[in-house]
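Every chain is numbered from 1 and lettered A, B, ... according to where its sequence line falls, protein lines coming before strand lines.
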Amino acid sequence: MLDINLLRNNLKELQFNLKRRGFNLDQKKFEKLDTERKKYQIESESLQEKSNTLAREIAQEKNQDHKDQKLQEAKKISAEIKKLKSNLDSSIKRLNDFLLEIPNLLADDVPEGNTEENNLVLYEKGNIPKFNFEIKDHQELGELFNGINFEESVTIAKSRFVVFRREIAKLHRALIQYMLDTHVNEGYEEIYVPYLVNVDSLKGTGQLPKFEEDLFKISNEEMYLIPTAEVPVSNIYRNKILNSDELPIRYVAHTPCFRSEAGSYGKDTKGIIRQHQFDKVELVKFVHPEDSDDELENLTADAERILINLNLPYRKVILCSGDTGFASSKTYDLEVWFPSQKTYREISSCSNFGDFQSRRMKIRIKQSKNNILCHTLNGSGLAVGRTLAAILENYQTEKGSIIVPDVLIDYMDGTKELNLSR
RNA sequence: GGAGAGGUGGCUGAGUGGUUGAAAGCGCUCCCCUGCUAAGGGAGUAUGUGGUAAUCCUGCAUCGAGGGUUCGAAUCCCUCCCUCUCCGCCA
């Protein structure tokens with residue numbers, strides 16, 4: 001959510017910024033809503049003041065006639081306040097709903113553009129492997145091992161779920177362990193969180209009210225499956241005031257993520273690139289406003305380190321104005337090379353949300369006078385399923401085995417190469 | 001799931017209808033005193049949102065959340081959430 005005072009005082013600038021995303025801020029509507037709110041608020045609060053004064057007088061009034069007279073008046077005022085209050089409440093709600101649908105302001109260095117075509121590639125790193133044999137995609141490789149199974153998952157659940165077995169399941173687990181350990185060594189605190197969250201948490205990070213169709217909702221409760229660990233981890237400090245000296249706070253969490261993938265019917269139907277359920281190791285930071293730019297660079301570098309250590313070819317991209325997420329002011333994507341697709345695919349998304357989420361979550365930093373809102377950031381470090389798929393494809397050999405990346409050998413109990421098990 | 005007890009400011013803890021946004025203590029901040037430390041004295045110390053350009057001034061709201069009764073609610077009533085104790089069940 002944006003600072004309402006920006007809308008009141010810097011509207012032109014703000015409209016210009018939002019326009020870069022293709023979002024049109026309806027000035028007339030805002031002004032109407034805010035004026036209406038102001039009118040009702042002033043009316044009802046001044047009447048409330050009168051009523052409070054009168055109530056105090058009644059308590060002290062000794063003369064019974066005067067008392068009765070005042071009681072009559074107080075009754076009338078009280079009834080009137082009730083009406084005004086309900087007007088005020090509904091006008092505040094209308095204003096608030098309006099504000100909740102406005103995306104975050106973009107950082108100045110976000111490049112212009114409407115679609116992901118306009119995202120700016122900053123650099124490519126790592127060596128794209130050259131194969132002198134017919135390569136397989138990760139699904140074929142996984143099936144070769146009977147380590148990736150899509151029939152069983154359909155029986156159990158439905159399409160866009162997967163079953164991993166044996167070496168593949170173990171490699172998946174090894175990746176999670178490796179990522180968690182690496183980030184803990186970088187200074188992140190490991191944290192385990194609920195996979196179901198309430199509505200307030202989803203509003204806090206910005207998934208609700210606008211993006212409900214992307215979520216899985218539990219039918220017997222007002223709870224949702226998390227689409228990312230960002231939601232439970234960021235909301236840890238909802239409605240809290242943090243002390244300056246405890247910042248920055250850095251968390252790393254491994255969770256499954258659940259996404260309905262509504263509207264992506266034809267997309268990525270092959271393999272495990274786009275699933276309803278996937279695992280992710282997520283980095284989340286709470287920082288001082290003046291540090292958030294630097295912290296985004298560090299966060300991205302921490303996510304990148306996993307790719308570098310796994311020796312996977314990747315590139316770093318800054319998302320253009322039209323592709324930057326609703327709550328983000330600036331996002332870097334890390335994209336890993338998929339030999340079968342001869343293309344880079346997103347494997348991490350690192351964002352600075354500024355105070356957009358913390359205003360919704362009411363996460364403040366204690367100051368001597370007015371408390372300030374903290375800044376939040378998060379990024380995948382990394383998406384586990386896609387990392388697994390990338391390893392299978394980039395580390396395949398002609399005979400169909402998979403070389404285990406050096407840093408994972410210990411996590412695979414010394415196994416250096418995955419061979420066909422039959 | 002059943003029975004009971006309870007949720008008050010950074011913490012402890014008073015307060016059962018009327019200047020209570022809330023006693024007292026602790027903690028914290030500033031000032032004074034002091035050669036240093038300790039001790040002592042004084043002042044201050046919740047959050048949000050309006051009126052405002054404003055950190056001055058001032059209104060309103062907030063005692064788990066939301067409703068209700070009342071001229072007036074931390075105090076009474078209802079619903080929900082949470083915590084604790086006991087029983088049951090369970091990984």
Enquirer: Taking only the P atom of each, what is the distance from B:rG9 to B:rU75 in whole angstrom?
Expert: 14 Å
Enquirer: Go through A:Arg345 and A:Gln341 one step at a time and tell me if the side chain to side chain donor-acceptor pair (under 3.5 Å) criterion holds.
Expert: CA-CA 9 Å; A:Arg345 300 298 307 265; A:Gln341 301 181 11; 3.0 Å; yes
Enquirer: What is the base-pairing partner of B:rG17, counting Watson-Crick and G-U wobble geometry with both distances under 3.5 Å?
Expert: none
Enquirer: Do the ring planes of A:His183 and A:Tyr188 sit parallel (below 30°), tilted (30 to 60°) or perpendicular (above 60°)?
Expert: perpendicular
Enquirer: If you draw the axis of the six-membered ring of A:Tyr332, does the NZ or CZ of A:Lys316 fall within 45° of it and under 6.0 Å from the ring centre?
Expert: yes
Enquirer: Could you tell me whether A:Lys366 contacts a base, only the sugar-phosphate backbone, or nothing, with contacts defined as non-hydrogen atoms closer than 4.0 Å?
Expert: sugar-phosphate
Enquirer: Report the distance from atom CD1 of A:Ile42 to atom P of B:rC60, rounded to the nearest whole Å.
Expert: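 Going from A:Ile42 (CD1) to B:rC60 (P), I get 14 Å.
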Enquirer: Whole angstrom is fine here: how far is it from CD in A:Glu43 over to P in B:rU49?
Expert: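 Roughly 22 Å, once rounded to whole Å.
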Enquirer: Among the nucleotides B:rA61, B:rG59, B:rG50, which one has an atom lying closest to any side-chain atom of A:Gln48?
Expert: B:rA61
Enquirer: Between A:Phe286 and A:His375, is a ring-ring contact (aromatic ring centres under 6.0 Å, His included) present by the stated rule, with each step listed?
Expert: CA-CA 6 Å; A:Phe286 303 86; A:His375 280 196; over 10 Å; no
Enquirer: Taking B:rU20 as the reference, what is the distance to B:rA46 when you measure between their C1' atoms (whole Å, please)?
Expert: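 The same atom, C1', in both gives a distance of 15 Å.
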Enquirer: Nearest whole angstrom, please: distance from the P of B:rU47 to the CD1 of A:Ile372.
Expert: 13 Å
Enquirer: Expressed in angstrom and rounded to an integer, what is the separation of A:Leu88 atom CG from B:rG59 atom P?
Expert: 19 Å
Enquirer: Roughly how many Å apart are B:rU70 and B:rC81, using the C1' atom of each and rounding to a whole number?
Expert: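 Straight-line distance between the two C1' atoms is 27 Å.
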Enquirer: By the definition salt bridge (Lys or Arg N to Asp or Glu O under 4.0 Å), identify the one residue from A:Arg94, A:Lys93, A:Lys29 that meets it with A:Glu36.
Expert: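 Only one option passes, and that is A:Arg94.
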Enquirer: Heavy-atom nearest nucleotide on RNA chain B for A:Asn9 versus A:Ile4: which residue maps closer to 5'?
Expert: A:Ile4
Enquirer: Both distances under 3.5 Å, Watson-Crick or G-U wobble: report the partner of B:rC90, or none.
Expert: none
Enquirer: Return the nearest nucleotide to the side chain of A:Gln41; candidates are B:rC60, B:rU47, B:rG50.
Expert: B:rG50
Enquirer: Counting only Watson-Crick or G-U wobble pairs whose two distances fall under 3.5 Å, which nucleotide matches B:rU34?
Expert: none
Enquirer: Suppose you measure atom C1' in B:rU12 against the same atom in B:rC28; what distance do you get, rounded to whole Å?
Expert: 15 Å
Enquirer: Could you work out the separation of B:rU62 and B:rA73 based on their P atoms and round it to a whole Å?
Expert: 8 Å
Enquirer: Are OP1 or OP2 of B:rG48 and a side-chain N or O of A:Arg364 less than 4.0 angstrom apart?
Expert: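 So the side-chain polar atoms of A:Arg364 do come within 4.0 Å of the phosphate oxygens OP1 or OP2 of B:rG48, strictly under.
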Enquirer: B:rA22 and B:rG44: how far apart are their P atoms, nearest whole angstrom?
Expert: 13 Å
Enquirer: Report the base-pairing partner of B:rU85 (Watson-Crick or G-U wobble, both distances below 3.5 angstrom), or none.
Expert: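 B:rA3 is the nucleotide pairing with B:rU85.
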Enquirer: At their closest point, which heavy atom of A:Asn118 faces which heavy atom of A:Cys320, and how far apart are they?
Expert: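 Closest approach of A:Asn118 to A:Cys320, heavy atoms only: O-CB, 3.5 Å.
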Enquirer: Only one of A:Asp3, A:Asn104, A:Thr205, A:Thr376 passes side-chain contact (heavy atoms from CB on, under 4.5 Å) with A:Phe356; say which it is.
Expert: A:Asn104
Enquirer: Provide the Watson-Crick or G-U wobble partner of B:rC76, both distances under 3.5 Å; none if there is no partner.
Expert: B:rG68
Enquirer: Is the backbone of A:Arg274 close enough, under 3.5 Å, to the side chain of A:Arg160 for a donor and an acceptor to pair up by distance?
Expert: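 Flag set: sc A:Arg160 to bb A:Arg274 pair under 3.5 Å.
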Enquirer: Could you check how far CG of A:Leu373 sits from P of B:rU47, rounded to whole Å?
Expert: 13 Å
Enquirer: In whole Å, I'd like the distance from the CG atom of A:Asp245 to the P atom of B:rG10.
Expert: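 Atom CG in A:Asp245 sits about 16 Å away from atom P in B:rG10.
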Enquirer: Both A:Glu45 and A:Gln60 contact RNA chain B. Taking the nearest nucleotide for each, which residue is further toward the 5' end?
Expert: A:Gln60
Enquirer: For B:rU49, which nucleotide in any strand shown is its Watson-Crick or wobble partner with both distances under 3.5 Å?
Expert: B:rG59
Enquirer: Suppose we define a pair by two distances each less than 3.5 Å, Watson-Crick or G-U wobble; what does B:rC28 pair with here?
Expert: B:rG44
Enquirer: Rounded to whole angstrom units, what separation is found between the NZ atom of A:Lys67 and the P atom of B:rG18?
Expert: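 It is 12 Å, rounded to the nearest whole Å.
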Enquirer: Could you point out which residue of A:Lys39, A:Glu43, A:Arg37 forms a side-chain hydrogen bond (donor to acceptor under 3.5 Å, both in side chains) with A:Gln41?
Expert: A:Arg37
Enquirer: Contact class for A:Ile241 vs. all strands (heavy atom < 4.0 Å): base, sugar-phosphate, or nothing?
Expert: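 Sugar-phosphate only.
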Enquirer: Could you work out the separation of B:rG1 and B:rG18 based on their P atoms and round it to a whole Å?
Expert: 38 Å
Enquirer: Walk along nucleotides 65-73 of chain B from 5' to 3' and tag each nucleotide B, S or - by protein heavy-atom contact under 4.0 Å, base first, then sugar-phosphate.
Expert: ----S-BS-
Enquirer: Measure NZ/A:Lys39 against P/B:rG59 and give the value in whole Å, please.
Expert: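 To the nearest whole Å, that distance equals 24 Å.
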Enquirer: Can you tell me the Watson-Crick or wobble partner of B:rA39, both distances under 3.5 angstrom?
Expert: none
Enquirer: Taking atom P in both B:rG4 and B:rG59, compute the distance separating them and give it to the nearest angstrom.
Expert: 45 Å
Enquirer: Checking side-chain contact (heavy atoms from CB on, under 4.5 Å) between A:Leu310 and each of A:Asn394, A:Thr387, A:Asp406, which is the one that passes?
Expert: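 Only one of A:Asn394, A:Thr387, A:Asp406 forms a side-chain contact (heavy atoms from CB on, under 4.5 Å) with A:Leu310, namely A:Thr387.
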